[in-house]
Amino acid sequence: MKTKIILFLLGLVILTSCAAHGNQQVRVRTPTEQELERFLSTEGVKALAVKNYKDHAIILGDHSVYTLSITADNEFQYVGSSWSGGPDRIDVTAVAQETPFIGVIIHRNDVLENGNKMKIIFADGNSVEEIMHHEKAYIVDHPLGKQTNSSKAIVEVFNEKGEMIYSSDIHKN
């Protein structure tokens with residue numbers, strides 16, 4: 001009987017240890033400036049916009065978007081996508097379809113030159129306005145930090161007179 005109790009307790013300890021080990025979360029952190037530069041160089045990405053969060057960074061490139069974290073072993077952990085397209089477009093993107101941010105990459109010179117304010121309307125109807133500084137890329141967070149469908153976001157750009165000069169809603173097929 002004593003042997004059965006010891007074996008039972010030993011089995012319980014092993015089972016509990018395995019369960020605890022299986023539930024460990026991978027610890028990640030935001031990359032340092034040097035790590036970010038190394039990642040960009042390694043992947044051949046020209047960063048147009050970078051935004052740091054608590055445990056990762058979002059990177060918008062000319063034709064790409066990445067989320068980058070650094071593991072406890074100081075290794076890159078990232079997810080990304082890239083695409084191609086013509087020069088006269090505005091890309092509305094994210095790393096995944098459901099995300100708490102929207103990336104906007106402006107390739108149209110007329111919008112870059114004349115854009116004064118950008119309004120992003122998220123799938124749930126919440127919106128954010130950004131003053132534009134003739135920059136090519138913007139990372140805009142959902143105002144409530146909620147997950148949103150990036151493909152249903154609408155981007156509107158206005159000139160200094162408040163006239164709309166671009167709307168992604170008009171350009172959707």
Joint cluster assignment, [X] & [Y], ILVMFWY side-chain distance < 4.5 Å:
X: Ile120; Y: Val111; answer: yes
X: Ile165; Y: Tyr138; answer: yes
X: Tyr53; Y: Phe76; answer: no
X: Leu68; Y: Ile58; answer: no
X: Ile106; Y: Val50; answer: no

His63 vs His107 aromatic rings, parallel, tilted or perpendicular, using cut-offs 30° and 60°?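 Rings of His63 and His107: parallel, as their planes differ by under 30°.
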Nearest 0.5 Å please: distance from the [atom1] atom of [X] over to the [atom2] atom of [Y].
X: Met118; Y: Ile90; atom1: CE; atom2: CD1; result: 8.0 Å
X: Asn74; Y: Thr32; atom1: CG; atom2: OG1; result: 9.0 Å
X: His56; Y: Lys51; atom1: NE2; atom2: NZ; result: 10.0 Å
X: Asn116; Y: His133; atom1: CG; atom2: NE2; result: 9.0 Å
X: Phe101; Y: Ile139; atom1: CZ; atom2: CD1; result: 6.5 Å
X: Ile105; Y: Ser64; atom1: CD1; atom2: OG; result: 6.5 Å

Which heavy atom of [X] sits nearest a heavy atom of [Y], and at what distance?
X: Ala94; Y: Ser81; answer: O-OG, 4.4 Å
X: Pro100; Y: Gly145; answer: CB-O, 3.8 Å
X: Ala57; Y: Asn52; answer: CB-OD1, 3.3 Å

Pair Arg27-Asp55, salt bridge (charged side-chain N to carboxylate O under 4.0 Å, His left out): steps then yes or no: CA-CA 9 Å; Arg27 302 261 185 231; Asp55 58 358; over 6 Å; no
Could you check Glu35 against Arg29 for salt bridge (charged side-chain N to carboxylate O under 4.0 Å, His left out), going step by step and ending with a plain yes or no? CA-CA 11 Å; Glu35 290 165 331; Arg29 63 176 171 77; 2.7 Å; yes
Using side-chain heavy atoms (C-beta onward) and a distance below 4.5 Å, is [X] in contact with [Y]?
X: Thr93; Y: Leu60; result: yes
X: Ile102; Y: Val92; result: yes
X: Ile70; Y: Gln77; result: no
X: Val45; Y: Tyr66; result: yes
X: Lys146; Y: Asp124; result: yes
X: His134; Y: Leu112; result: no
X: Ile59; Y: Leu36; result: yes
X: Glu156; Y: Ile154; result: yes

[Y] backbone acceptor or donor facing [X] side chain under 3.5 Å:
X: Thr42; Y: Arg38; answer: yes
X: Asp73; Y: Glu75; answer: no
X: Asn126; Y: Phe122; answer: no
X: Thr30; Y: Lys54; answer: yes
X: Ser168; Y: Val155; answer: yes

How would you list, by chain and number, every residue that makes a side chain to side chain contact (heavy atoms under 4.5 Å, CB included) with Ala123, sequence neighbours excluded?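 Scan of Ala123 (side chain to side chain contact (heavy atoms under 4.5 Å, CB included), adjacent residues dropped) gives Thr148, Asn149, Lys152.
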Of all residues at least two apart in sequence or in a different chain, which pass the side chain to side chain contact (heavy atoms under 4.5 Å, CB included) check with Ser127?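 Expected list: Lys119, Ile121.
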Measuring centre to centre across the rings, with the benzene-like ring taken for any Trp, is Tyr166 within less than 6.0 Å of Phe158?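 No, the ring of Tyr166 stays outside the 6.0 Å limit from the ring of Phe158, centre to centre.
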What verdict does the side chain to side chain donor-acceptor pair (under 3.5 Å) test give for Glu113 and Asn109, after you've listed the backbone C-alpha separation in whole Å, the side-chain angles of each residue and the deciding distance to 0.1 Å? CA-CA 6 Å; Glu113 292 169 11; Asn109 287 331; 5.3 Å; no
Is the number of heavy atoms from other residues, nucleotides or ligands within 6.0 Å of CD (Glu163) greater than 12?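 Atom CD in Glu163 is packed in, count exceeds 12.
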Take Arg108 and Asp88 through the test side-chain contact (heavy atoms from CB on, under 4.5 Å) and record every step on the way to the result. CA-CA 5 Å; Arg108 288 182 47 177; Asp88 290 333; 4.2 Å; yes
